[in-house]
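Only one structure is covered here, and it is reproduced in the block below.
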Amino acid sequence: MSCFKFLKIMMFFFNSIIFLAGGAILGVGVWVKVDSGSLLNFLSGINNAPSELSQVLNVGYLLIAVGAVLLVIGFLGCCGAARESKCMLMLFFVIVLIIFIAEVAGAIVVLVFKSLVTSLVHTVGREVVKNIHSAYGKNQDFTGILNTTMDGLKCCGFYGYNDFTGSAFTNATQQYPAICCGSAPCNQTGANQSNVTGCYDRVVRLIEDNVIVLGAVALGIAALEVAAMAVAMTLYCKIGKSG
């Protein structure tokens, strides 16, 4: 088997997996958003299922976006290799290159402009706190996303339970989210006595505790992206020579 045919087969095989994975993720995302009633019935049927499970509906948009990107990349790589299409291979190369450049740029910004990143994060935090005050308990999407985040990270608010103090939700119910106390009902005294930290501190701690693992994963993804671009460009050049 020639090197050219081997690269074609590998390109087709791996991008077929990416295409199928993207289609599956996209399908789940669409189902979550379109047929939410069936999913809620399924979740409610699980024995001892926590009520927070219903908030999984709010990740539908993220699943659709991720699935669509993987679907496009997989389609271009798979069909580009199978049909020896220079146009598809070039589009595949460009899309992966854009993603790679965005990742490198993000890493550089985080490493070199750490103070700027911190400032941006706190700016986002102030907006989140504003939304907590005005929208938590009223806007279903925002409430669901925040509840899912707090339950998954075991944290309360962006900076802490005080983010809910004076909010429309707390003023109306005289309660705080159950996660802020570790159990329901949760009032200000219970939230103050609990050791549940804000989500910002929780994320920072998780990153610090897993920095080596995160770095290894990032390097692995970058290596796969570079390999994919190299194979795509090699096939592109080979097709040009053979044509």
Side-chain angles (χ1 to χ4, degrees), residues 1-33 56 59-114 116-118 120-121 124 149 152-153 203-243:
M1 180 184 296
S2 67
C3 180
F4 178 70
K5 288 184 178 180
F6 175 76
L7 290 177
K8 277 185 60 178
I9 293 173
M10 295 303 295
M11 188 79 169
F12 179 84
F13 176 74
F14 285 111
N15 281 283
S16 294
I17 296 176
I18 293 174
F19 180 82
L20 293 174
I25 294 172
L26 179 62
V28 171
V30 172
W31 175 56
V32 166
K33 299 307 298 182
V56 74
V59 305
Y61 292 121
L62 177 61
L63 293 176
I64 291 173
V66 172
V69 172
L70 292 177
L71 203 64
V72 171
I73 292 176
F75 173 79
L76 291 174
C78 185
C79 291
R83 300 179 59 183
E84 298 186 7
S85 171
K86 296 181 68 175
C87 179
M88 288 184 174
L89 288 173
M90 181 54 69
L91 284 174
F92 173 86
F93 177 86
V94 170
I95 293 175
V96 176
L97 179 62
I98 291 173
I99 295 174
F100 179 77
I101 291 175
E103 292 169 349
V104 172
I108 292 174
V109 169
V110 170
L111 294 175
V112 178
F113 303 102
K114 188 176 180 180
L116 175 60
V117 174
T118 302
L120 290 174
V121 169
V124 172
T149 302
L153 295 175
V203 170
V204 170
R205 189 181 306 167
L206 283 173
I207 293 175
E208 291 175 346
D209 292 343
N210 298 280
V211 63
I212 296 178
V213 175
L214 292 173
V217 171
L219 288 175
I221 293 174
L224 288 175
E225 290 170 343
V226 171
M229 288 188 289
V231 172
M233 188 52 60
T234 300
L235 291 176
Y236 179 90
C237 294
K238 290 282 188 180
I239 292 172
K241 290 179 180 180
S242 63

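Counting begins at 1 with the first residue of the sequence. Keep in mind that this is a model prediction, so the values were computed, not measured. Any value given below was found using the heavy atoms of this structure, including those in side chains, with hydrogens, waters and symmetry copies removed.
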- Message: Taking side chain to side chain contact (heavy atoms under 4.5 Å, CB included) as the criterion, tell me which of L224, V226, I95, I221 meets it with F100.
- Response: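 With F100 as partner, L224, V226, I95, I221 yield a single side chain to side chain contact (heavy atoms under 4.5 Å, CB included), made by V226.
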Within this structure, what is the [atom1]-[atom2] distance for the pair [X] and [Y], rounded to the nearest 0.5 Å?
{"X": "L235", "Y": "C3", "atom1": "CG", "atom2": "SG", "answer": "9.0 Å"}
{"X": "K86", "Y": "I239", "atom1": "NZ", "atom2": "CD1", "answer": "7.5 Å"}
{"X": "Y236", "Y": "S85", "atom1": "OH", "atom2": "OG", "answer": "10.0 Å"}
{"X": "L20", "Y": "N15", "atom1": "CG", "atom2": "CG", "answer": "11.0 Å"}
{"X": "S16", "Y": "F75", "atom1": "OG", "atom2": "CZ", "answer": "11.5 Å"}
{"X": "C79", "Y": "F12", "atom1": "SG", "atom2": "CZ", "answer": "8.0 Å"}

Check: [Y] and [X] side chains under 4.5 Å, non-hydrogen atoms:
{"X": "L89", "Y": "M11", "answer": "yes"}
{"X": "L76", "Y": "F93", "answer": "no"}
{"X": "E225", "Y": "I99", "answer": "yes"}
{"X": "F19", "Y": "L71", "answer": "yes"}

- Item | Shortest non-hydrogen contact between I18 and L70, atoms and distance | CG2-O, 3.5 Å
